[in-house]
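Everything quoted here is computed from the prediction, not taken from an experiment. Whatever order the structure lists them in is the order used to number ligands and atoms, beginning at 1.
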Amino acid sequence: MSVKLETRGLSKAYGAFVALQPTNIQVREGEFLTLLGPSGSGKTTLLQMISGLVPPSSGQLLIDGADATHASPGDRGMGLVFQSYALFPHMSVRDNVAYGLRMRKLPKAEVNRAVEDALGMVRMQDFAHRYPNELSGGQQQRIALARCFAYRPSVILLDEPLGALDKNLREHMQLEIRRMHKELGATFIYVTHDQEEALTLSDRICLMNRARVEQLATPLELYDQPASRFAAEFIGHSNLLCGRVSEYGTLQVEGRNVALAGCGGSLPGPGEATLLVRPEAAQLTAPAQGVLAGRIEECVFLGSDIRVLVRLPSGAVFSVRCARHLHPSVGDEVGISWQPQHATFLPAQVKP
Ligand SMILES: Nc1ncnc2c1ncn2[C@@H]1O[C@H](COP(=O)(O)OP(=O)(O)O)[C@@H](O)[C@H]1O
Ligand SMILES: [Mg+2]
């Protein structure tokens, strides 16, 4: 797949404050890339520099291989959608969607066709004559999307576009946005702080933390092979077992020796190492049969199954997802086991 857009050492500082460290990413033609990270990690800053609305402090932006670092926003062929819908309140839905096309002085028939297409894409054909204050939040966001789609940009930038919607509507709109991405075939760069949203939508996720890229990978890779403690903890639930690797090829943790053989990730050398075990990869056993043992401290009913929190001897808590029919109960002494291939070593951390 060809590269649509590339940043080379792109960075942003406000005075002495670094909002984005020099960043190198490649976005592929037609892919759905999500910038995911906690609030303040630099997602919007990166997106705005790609859009041209914020000038970088250093580095380069390439679009289709050509330097576009200093191109004006209007010349970049990009569409933008933000959390606030920013519709013109005094214009009908149709006029809102047509606005950018009319600004481009397209022939009337072409404008009408593009508006119809865009409204169809967001399933709002029947609302063309309404005004923004006659629409729900979700409908307004659809119109904001249609306004962006109407002029068929090859890159669409979306900054937390579903942030103002309630959970059910947000989940519905996620599926809708995925459908729209397929139908449009454009490159999408989507900002969110919501990991589930990122996992649902993305071809790849660019995980950001403290003004830099932590890991850029597919959702599956990010979940199964996080490159750092931050990545392991930000995506999904995780149990991180930190211990010392013995000369016999075991990880010494919680007073036990956990075999290293067969585990995923890169097997650590002597020294400290961290093993990741996801709650759904672990099972409860009799105390003597577990790799680890402890006492059940809490059972959280999740509907389909139960999240069991087991207090280990060190005081750490290990989370296990367990079937309802096993009837775990608080106070039980239990063992915890897992298949080695379902546990992954985190790469040895390079301290910055
Ligand atoms: N115009 C600005 N002036 C000073 N600091 C800014 C400005 N814009 C953003 N920042 C800071 O840069 C950091 C990254 O911001 P932002 O990219 O908006 O984060 P995110 O979108 O991940 O929440 C934040 O600490 C923010 O306060
Ligand atoms: Mg932001």
Exercise for the section: Answer yes or no: does atom CZ of Phe301 have more than 12 heavy-atom neighbours from other residues, nucleotides or ligands under 6.0 Å? Expected result: yes
Handout entry: Residues, nucleotides or ligands: over 12 heavy atoms within 6.0 Å of Arg295 CZ
Key = no
Practice task
Report yes or no: does Gly15 have a heavy atom closer than 4.0 Å to ligand 1?
Solution key: no
Exercise for the section: Report yes or no: does Ser39 have a heavy atom closer than 4.0 Å to ligand 1? Expected result: yes
Interfacing atoms of ligand 1 (cut-off 4.0 Å, heavy-atom, [X]):
| X | value |
| --- | --- |
| Ser41 | 19 (O), 20 (P), 22 (O) |
| Pro38 | 22 (O) |
| Phe17 | 11 (C), 12 (O), 13 (C), 25 (O) |
| Thr45 | 14 (C), 15 (O), 16 (P), 17 (O) |

Handout entry: ligand 1 N/O within reach of Ala19 N/O, cut-off under 3.5 Å
Key = no
Practice task
State which residue, out of Thr7, Asp67, Asn24, Thr69, fulfils the side chain to side chain donor-acceptor pair (under 3.5 Å) condition with Gln60.
Solution key: Asp67
Problem - Lys/Arg N to Asp/Glu carboxylate O, Arg170 vs Asp194, below 4.0 Å - result: yes
Practice task
State whether Glu176 and Arg179 are salt-bridged, where the test is any N-O pair (Lys NZ or Arg NE/NH1/NH2 against Asp/Glu carboxylate O) under 4.0 Å.
Solution key: yes
Problem - Pair Glu233, Ser238: side-chain N/O donor-acceptor within cut-off below 3.5 Å - result: no
Practice task
Indicate whether any N or O donor in one side chain lies under 3.5 Å from an N or O acceptor in the other, for Ser57 and Ser11.
Solution key: no
Practice task
For His237 and Arg307, run side-chain hydrogen bond (donor to acceptor under 3.5 Å, both in side chains): C-alpha distance rounded to whole Å, both residues' side-chain angles, the deciding distance at 0.1 Å, then the answer.
Solution key: CA-CA 11 Å; His237 290 271; Arg307 173 171 299 131; 3.2 Å; yes
Closest non-hydrogen protein atom to [atom], residue and atom name please, with distance?
| atom | result |
| --- | --- |
| atom 22 (O) of ligand 1 | Lys43 NZ, 2.8 Å |
| atom 23 (O) of ligand 1 | Gly40 N, 2.7 Å |
| atom 5 (N) of ligand 1 | Tyr14 CD1, 3.4 Å |

Completion exercise
Checking heavy-atom distances from atom 18 (O) of ligand 1 to each of Leu36, Asp159, Thr192, Thr44, the winner is Thr44
Problem - the Mg ion (ligand 2) contact by Thr45, N, O or S atom under 2.8 Å - result: no
Exercise for the section: Take atom 1 (N) of ligand 1 and look for protein heavy atoms under 4.0 Å from it; say yes if you find one, no if not. Expected result: yes
Practice task
Cation-pi check, Arg178 to Phe32: give yes when NZ or CZ is under 6.0 Å from the six-membered ring centre and within 45° of the ring axis, no otherwise.
Solution key: no
